[in-house]
Number of protein chains: 2
Amino acid sequence: MIGENLKKNNGRGPFCISESLVKRLSRYHRTLESVAGLGVTYIASRELAEYNWVTSAQVRKDLSSFGNFGKRGMGYPVEGLKQELEQILGLDRRWSVVLVGVGNIGRALLAFGEFRHRGFDIVACFDIDPKKIGHGLRGIPIHHFDDLPDLVKQHGAEIGIIAVPTVSAQEVCNRLLDAGIRAILNFAPVRLEVPDGVTVRYEDMSIELEALSFALTSGRSV
Amino acid sequence: MIGENLKKNNGRGPFCISESLVKRLSRYHRTLESVAGLGVTYIASRELAEYNWVTSAQVRKDLSSFGNFGKRGMGYPVEGLKQELEQILGLDRRWSVVLVGVGNIGRALLAFGEFRHRGFDIVACFDIDPKKIGHGLRGIPIHHFDDLPDLVKQHGAEIGIIAVPTVSAQEVCNRLLDAGIRAILNFAPVRLEVPDGVTVRYEDMSIELEALSFALTSGRSV
DNA sequence: AATTGTGAACCTCTTCACAGCT
DNA sequence: AGCTGTGAAGAGGTTCACAATT
């Protein structure tokens, strides 16, 4: 969905980037993190490609939509490219995240240390069940959902995670938008209605298992 | 990646189905489950489309790759189509799943009741940490990883979930393949090397947060 | 000699538009 | 009249292949 050459519209404009491109950039970034640890200073598109199961042309095209980061004959400078990707992806800072719904998924996400490690801090979580309020999990307090706006403002949170039952997801989404949240990770298996300028990503683990079920049943790979 | 009309190759052949098509079929199935509960008997492609944020042509094309399930002038029979999709997706049975790695993600998945609800039973889990062995979680025993082959056979498990650190993922994958597993859900952020006929799905929650980070940083939607 | 950056070709998936049923 | 099923057209994303550069 790249409308035009992004280099000519750097950081501006309403251009839509394909989901797959952003995911690939994230993976390139991880690869760079790990090879940087090994002392590698330059990496060719071919190597970056092998690690991520894409073609080298894909890597070059992906990177070239954001700038000319490589040196012909040498490849890409590992540290430099890593930093460029961090700027592009917004990984050169930490993000405050609020979590709504402390049921099975919610608790699982709180236990999942990887988010913090990747720069995303769950600063507060919310539920409507009075029995859950107050009992902090892993040092993160559980608040009543009504206190959402205050706490979002207080923590400067910019990302919301929805981990409530499907029927409540849209309502929770609306409240998050009211509180100023513009980016949502939704674990409820339902499409959310949001205005322009708000990004929603969907995480649906059951659907991945169903894809495996399909593959085993049909004998086709997916 | 639909090679040819699937109706003419029904259930046979090495045809590859696009990831997005399978996911849409799963969503259609869920929609049918919920409208079936409301007593609706026929549903038009337009309605099915609205629930899932796709076009009605997309719905018709998707379904028509597997058969002629609709009645012109009326739409699709809810119950009939639901059953067809269950057959196509392999959701007309239960699946036995083994989970490898009882760290944060592993425990989270065990706590996540949705899998069982959708027909996937985690029948055994595995770890290499002797301190964890034996202590069952939610009635599911934790075995030593060495016992994997026996228990896979014993339970007739066909799906494996990998929830171990990145460095061990490929090794665990190989052992799962040795044990006869042909479908894997991998939570480690690394591409797995597998032979033809094996399906791997990747689940990477951090990458979704990074996509949100990108959207907020760049002002572009994803 | 090696590797990037990129226009063009290619391929896959989505949407259009309408013939064909009910 | 209403809706499906589908060939054709369109859009978007990927790969090819080569000129440009170090």
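Per chain, numbering begins at 1; letters A, B, ... match sequence-line order.
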Expressed in angstrom and rounded to an integer, what is the separation of [X] atom [atom1] from [N] atom [atom2]?
{"X": "A:Y42", "N": "D:dT21", "atom1": "OH", "atom2": "C1'", "result": "13 Å"}
{"X": "B:E19", "N": "C:dT14", "atom1": "CD", "atom2": "C1'", "result": "16 Å"}
{"X": "B:I17", "N": "C:dT12", "atom1": "CD1", "atom2": "P", "result": "13 Å"}
{"X": "A:L48", "N": "C:dT3", "atom1": "CG", "atom2": "C1'", "result": "13 Å"}
{"X": "A:Q58", "N": "D:dG12", "atom1": "CD", "atom2": "P", "result": "17 Å"}
{"X": "B:E47", "N": "D:dC3", "atom1": "CD", "atom2": "P", "result": "8 Å"}
{"X": "B:F69", "N": "D:dT6", "atom1": "CZ", "atom2": "P", "result": "11 Å"}
{"X": "A:E84", "N": "C:dT4", "atom1": "CD", "atom2": "P", "result": "16 Å"}

Of all the choices, [options], which nucleotide is nearest to the side chain of [X] once you look at every atom?
{"X": "B:S45", "options": "D:dT14, D:dT4, C:dG5", "answer": "D:dT4"}
{"X": "A:S64", "options": "C:dT6, D:dT6, D:dT14", "answer": "C:dT6"}
{"X": "B:R60", "options": "C:dT3, D:dT14, D:dG5", "answer": "D:dG5"}

Is there a side-chain contact between [X] and the phosphate of [N], meaning an N or O under 4.0 Å from OP1 or OP2?
{"X": "B:R72", "N": "D:dA1", "answer": "no"}
{"X": "B:Y76", "N": "D:dG5", "answer": "yes"}
{"X": "B:T55", "N": "C:dT15", "answer": "yes"}

Quiz item: When all nucleic acid strands are considered with a 4.0 Å heavy-atom cut-off, which category describes A:A57: base, sugar-phosphate, or nothing?
Solution: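 The answer is base, as A:A57 lies within the cut-off (heavy atoms under 4.0 Å) of a base atom.
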
Quiz item: Does B:K71 get its side chain close enough to the base of D:dG2, under 3.5 Å, for a donor-acceptor pair?
Solution: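 Absent.
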
Quiz item: Taking 4.0 angstrom as the limit, do B:D204 and A:R30 come out as a salt bridge?
Solution: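 Salt bridge between B:D204 and A:R30, a charged N being under 4.0 Å from a carboxylate O: yes.
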
Practice problem: Look at B:K23 together with A:E208 and state whether they make a salt bridge at an N to O cut-off of under 4.0 Å. | Solution: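 Salt bridge flag = yes for A:E208 with B:K23.
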
Exercise. Select from A:D62 and B:S56 the residue whose nearest nucleotide in DNA chain D is closer to the 5' end of that strand.
Key: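 On the 5' side of the pair lies B:S56.
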
Practice problem: Measure from NZ or CZ of A:R27 to the centre of the six-membered ring of A:Y51 and say whether it is under 6.0 Å with the direction within 45° of the ring axis. | Solution: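 Negative - A:R27 is either too far from the ring of A:Y51 or too far off its axis.
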
Practice problem: Find which nucleotide of DNA chain C each of A:G73 and A:K61 is nearest to by heavy atoms, and output the residue with the more 5' nucleotide. | Solution: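 Comparing both residues, the 5'-ward one is A:G73.
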
Exercise. Test B:W95 against every option in B:V123, B:D121, B:I159, B:I122 by the side-chain contact (heavy atoms from CB on, under 4.5 Å) rule and name the one that passes.
Key: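 Single side-chain contact (heavy atoms from CB on, under 4.5 Å) partner of B:W95 among B:V123, B:D121, B:I159, B:I122: B:I159.
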
Self-check item: Test item: A:R201 and B:V222 side chains (from C-beta on) under 4.5 Å apart, heavy atoms
Solution: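 Of all side-chain heavy-atom pairs linking B:V222 with A:R201, at least one is under 4.5 Å.
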
